2 protein chains.
Amino acid sequence: MFSTQTYIERRNALKRHVGSGLILIMGNEEAPMNYHDNTYRYRQDSNFLYYFGISLANLAAVIDVDSGEEIIFGDEFSMDDIIWVGPQPTLADQARKVGVYRTEAYAKLADKLAKAKKVHFTPPYRYENKFKLSEWLSIPVNQLKEKASVDLIHAIIAQRAYKSAEEIVQMEEAVNICREMHIAAMRETKAGRKEYEIAAIIHGKALEFGGELAYPIIFSVNGQTLHNHYHGNTMTEGRLALNDSGAENSMFYAGDITRTIPVSKKFTEKQKDIYNIVLKMQLASIEALKPGIQYKEVHLLANRVLLEGLSDLGFVKGNVDEMLNEGVQGLFMPHGLGHAIGLDVHDMEDLGENYVGYRDGLERSTQLGLKSLRMAKELEEGYVITVEPGLYFIPELIDKWKSEKKFTDFINYEKLETYRDFGGVRIEDNCLITADGQKTLGKPIPKTIEEVEDLKN
Amino acid sequence: MFSTQTYIERRNALKRHVGSGLILIMGNEEAPMNYHDNTYRYRQDSNFLYYFGISLANLAAVIDVDSGEEIIFGDEFSMDDIIWVGPQPTLADQARKVGVYRTEAYAKLADKLAKAKKVHFTPPYRYENKFKLSEWLSIPVNQLKEKASVDLIHAIIAQRAYKSAEEIVQMEEAVNICREMHIAAMRETKAGRKEYEIAAIIHGKALEFGGELAYPIIFSVNGQTLHNHYHGNTMTEGRLALNDSGAENSMFYAGDITRTIPVSKKFTEKQKDIYNIVLKMQLASIEALKPGIQYKEVHLLANRVLLEGLSDLGFVKGNVDEMLNEGVQGLFMPHGLGHAIGLDVHDMEDLGENYVGYRDGLERSTQLGLKSLRMAKELEEGYVITVEPGLYFIPELIDKWKSEKKFTDFINYEKLETYRDFGGVRIEDNCLITADGQKTLGKPIPKTIEEVEDLKN
């Protein structure tokens with residue numbers, strides 16, 4: 001937990017930003033897996049963590065902007081609870097640690113909300129909170145998103161988007177746990193092993209270093225499938241394995257790292273060519289980071305490097321500017337260059353991606369690739385973003401475009417045929433925007449061909 | 001997946017048991033963690049797995065008992081989905097594998113239900129399904145539990161309670177994964193290590209052997225806290241570590257195993273005395289298992305062994321029958337001897353614990369310990385149950401009883417004072433009731449003092 005003062009200051013800034021009304025911050029309940037009492041690991045809501053710091057189920061908090069009053073609603077433990085879950089600090093004690101001096105029974109919250117003139121709430125993403133908000137505020141569940149407070153959303157983003165020095169310490173720690181996960185995966189990846197064995201090692205490293213997974217592991221020889229959570233393949237010589245896995249540390253800050261590893265001890269020449277295009281894309285992108293630059297421009301810069309590299313190898317031909325404008329690169333990198341990261345791996349995603357990554361006058365593109373760019377606007381000092389270019393050979397997408405005769409002037413579909421089983425490459429780091437550039441978080445994680453191969457011997 | 005015929009037969013038996021009406025089996029959605037798209041690992045509902053076998057989000061199925069018609073409702077993947085999650089078999093193909101030859105868009109389900117005279121559903125435990133059922137069936141959320149179909153609940157229990165030979169193969173596999181988890185924990189437990197490091201190894205073993213956790217790991221030097229999910233302690237010489245952890249295998253069958261390990265290389269004499277009482281309780285309980293015996297009687301048998309052992313050591317004195325009747329043992333073992341296990345670690349718990357473990361004429365006791373006994377009724381061939389006696393020294397509970405002067409004639413509170421930091425011991429295996437006794441599932445897991453100590457050297 002951060003200092004009491006940190007939480008008080010965060011809430012004071014929130015009050016100033018929102019101006020008036022009652023701010024409601026919902027905590028998360030336990031999440032049932034296959035029956036009510038068999039739950040997934042508990043994860044508190046990130047806004048609740050940011051403003052109230054307590055990682056405990058069944059809490060909610062209000063901030064009365066007009067009176068300044070702050071209350072955490074929740075129920076104290078019973079003797080029965082203590083037998084089953086052990087002695088617990090009281091809620092009042094925990095609240096004091098974050099500078100909140102009033103706690104009330106959870107059942108009293110509905111009444112508090114009923115009496116408020118204006119309740120500011122964020123869009124709920126868990127059904128339990130949808131249900132409660134709907135009941136308490138008499139808003140149909142399917143209207144909750146549109147009735148959420150835009151003022152509150154903007155106010156939260158205006159704080160959480162800028163990472164403080166003490167947050168950066170946590171984020172470096174998260175990336176350093178990722179580093180252990182990725183180095184172990186590089187060492188253990190070899191022909192004959194199952195993907196899930198390596199996924200087990202990756203997950204085990206996160207836990208061993210006091211973290212947890214920030215998001216489900218992607219570890220697959222089918223790296224061309226962007227969100228592949230299947231781990232059943234046996235790895236074979238000559239394939240690539242894509243490892244997109246990250247930890248959240250004990251303070252719930254996320255790291256999001258991707259590396260691509262040869263299953264064999266060395267990359268093949270064919271793999272090196274593709275890998276080095278992606279590495280060049282990533283290094284050029286990181287080099288370009290600084291306050292004021294539009295991240296959409298960095299995305300396009302990465303895609304320019306991509307098209308130039310593909311052109312050199314004969315996958316595409318023609319004018320690079322024209323291809324970039326038309327969106328030829330979508331076939332090879334159908335996702336965005338990166339996103340904000342913090343307490344959430346896609347930071348504040350459910351407050352609204354466009355609020356986090358876009359602004360008035362900067363509309364989201366509909367082009368394949370760009371349409372999935374989560375962060376597009378001008379970068380500012382204190383932002384932490386992922387830089388994660390990739391290059392994939394997706395047979396289903398190649399077949400679709402080919403059958404539609406899409407960009408036949410630019411794309412060498414014949415050559416693509418020989419890469420159908422190549423897979424994909426992605427390289428990802430997490431970067432803090434500094435006054436004059438960027439700082440890549442955490443200790444360096446092997447990234448060049450030589451560094452990765454070194455770990456395999 | 002089991003054979004097509006298995007699923008067809010299960011559904012046919014269900015139809016016979018329920019008699020008439022429309023049976024609705026809800027699948028589970030993805031469960032959001034800290035925002036909508038960042039989800040916990042997917043776990044399908046166990047009834048859905050049992051009757052329809054498909055582990056995929058956003059499905060529901062109906063069985064029209066009167067016409068015999070069976071339909072799975074769900075939506076096919078789009079091209080966009082395939083880029084992100086890879087090529088998928090069609091829902092129709094997957095349905096065919098479980099003998100269902102009709103699939104419909106999910107949006108058509110509401111209409112199907114609206115037209116039915118009688119809809120049988122089970123009590124929903126996930127908010128998404130509560131919300132949907134409430135909408136579709138016009139039942140307030142807080143009335144869904146009481147409006148659930150008792151006929152359907154009884155019919156499901158009448159099937160799932162009896163494990164078939166092919167289910168037992170799966171359950172043995174689950175226990176064998178547990179065995180790897182427990183042996184690793186015994187080997188790695190030593191002074192100076194953090195509990196979470198061992199928890200990480202346990203979780204890693206589950207994954208390495210193709211499983212997942214069936215329930216959150218309990219690994220703690222504070223074994224006296226029954227459901228202790230805190231893993232932050234550093235282990236020290238002379239303590240005990242209680243490890244209650246189990247895997248579900250790739251077919252989602254659960255194992256639930258507990259062992260208690262000395263942090264030092266050897267148990268102390270004090271620990272051996274307590275440990276051997278619990279071991280004796282467990283062996284006597286397992287020895288007593290056979291069709292026809294009431295599990296409540298086995299629970300009381302275990303508690304008799306407990307009181308006799310405690311009497312020998314001078315913790316209690318007086319007539320054992322009298323103590324047993326009065327509930328003195330509740331101080332030392334405030335939980336039940338065991339529960340049904342299968343696709344759920346507490347099998348079918350949300351269908352209603354009393355439906356699963358009790359019957360007409362056999363009421364649940366209110367005595368501490370017995371009131372938490374989940375399985376009480378006569379055992380039958382094909383049941384699989386856990387046998388998990390324990391003996392704990394719970395300071396908060398000791399203090400409470402002492403201050404209430406409870407059972408001062410029986411309990412030697414003075415001696416108890418010297419065991420306040422002892423912790424607790426539990427030993428648990430999973431047993432199949434056979435025609436003439438029981439079979440403990442899986443390869444043997446070290447259990448005697450000698451066997452456990454052997455692994456620590």
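Because the structure is predicted, anything quoted here is derived from the model rather than measured. Numbered from 1 within each chain, the chains take letters A, B, ... in sequence-line order.
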Considering only NZ, NE, NH1 and NH2 on the basic side and carboxylate oxygens on the acidic side, decide whether [X] and [Y] come within less than 4.0 Å.
X	Y	value
A/Asp399	A/Arg420	yes
B/Lys132	B/Glu29	yes
B/Glu212	B/Arg43	no
B/Arg160	B/Asp344	yes

Worksheet item: Between B/Phe252, B/Tyr392, B/Tyr127, B/Phe209, which residue shows the highest count of heavy-atom pairs closer than 4.5 Å to chain A?
Response: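 Answer, by heavy-atom pair count under 4.5 Å with chain A: B/Tyr127.
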Worksheet item: What option among B/Ala214, B/Pro395, B/Ser250 has the most heavy-atom pairs under 4.5 Å with chain A?
Response: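 Greatest number of close heavy-atom pairs with chain A: B/Ala214.
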Please classify the contact between [X] and chain B as side chain, backbone, both or neither, with a heavy-atom cut-off of under 4.5 Å.
X	answer
A/Asn34	both
A/Ala206	neither
A/His231	neither
A/His36	both
A/Tyr42	backbone

Quick one: of [options], who has the most non-hydrogen atom pairs under 4.5 Å with chain B?
options	value
A/Gln224, A/Lys400, A/Glu135, A/Glu197	A/Lys400
A/Leu397, A/Asp45, A/Leu343, A/Ile198	A/Leu397
A/Tyr215, A/Tyr230, A/Phe131	A/Phe131
A/Gly232, A/Gly204, A/Ser220, A/Gly210	A/Gly210

Discussion item. Strictly distance-based, threshold 3.5 Å: is any side-chain N or O of B/Ser134 a donor or acceptor partner for the main-chain N or O of B/Ile139?
Written reply: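 Side chain of B/Ser134 to backbone of B/Ile139: a pair is present.
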Worksheet entry | Check: B/Tyr40 ring centre within less than 6.0 Å of A/Tyr40 ring centre |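 Yes, ring centres under 6.0 Å apart.
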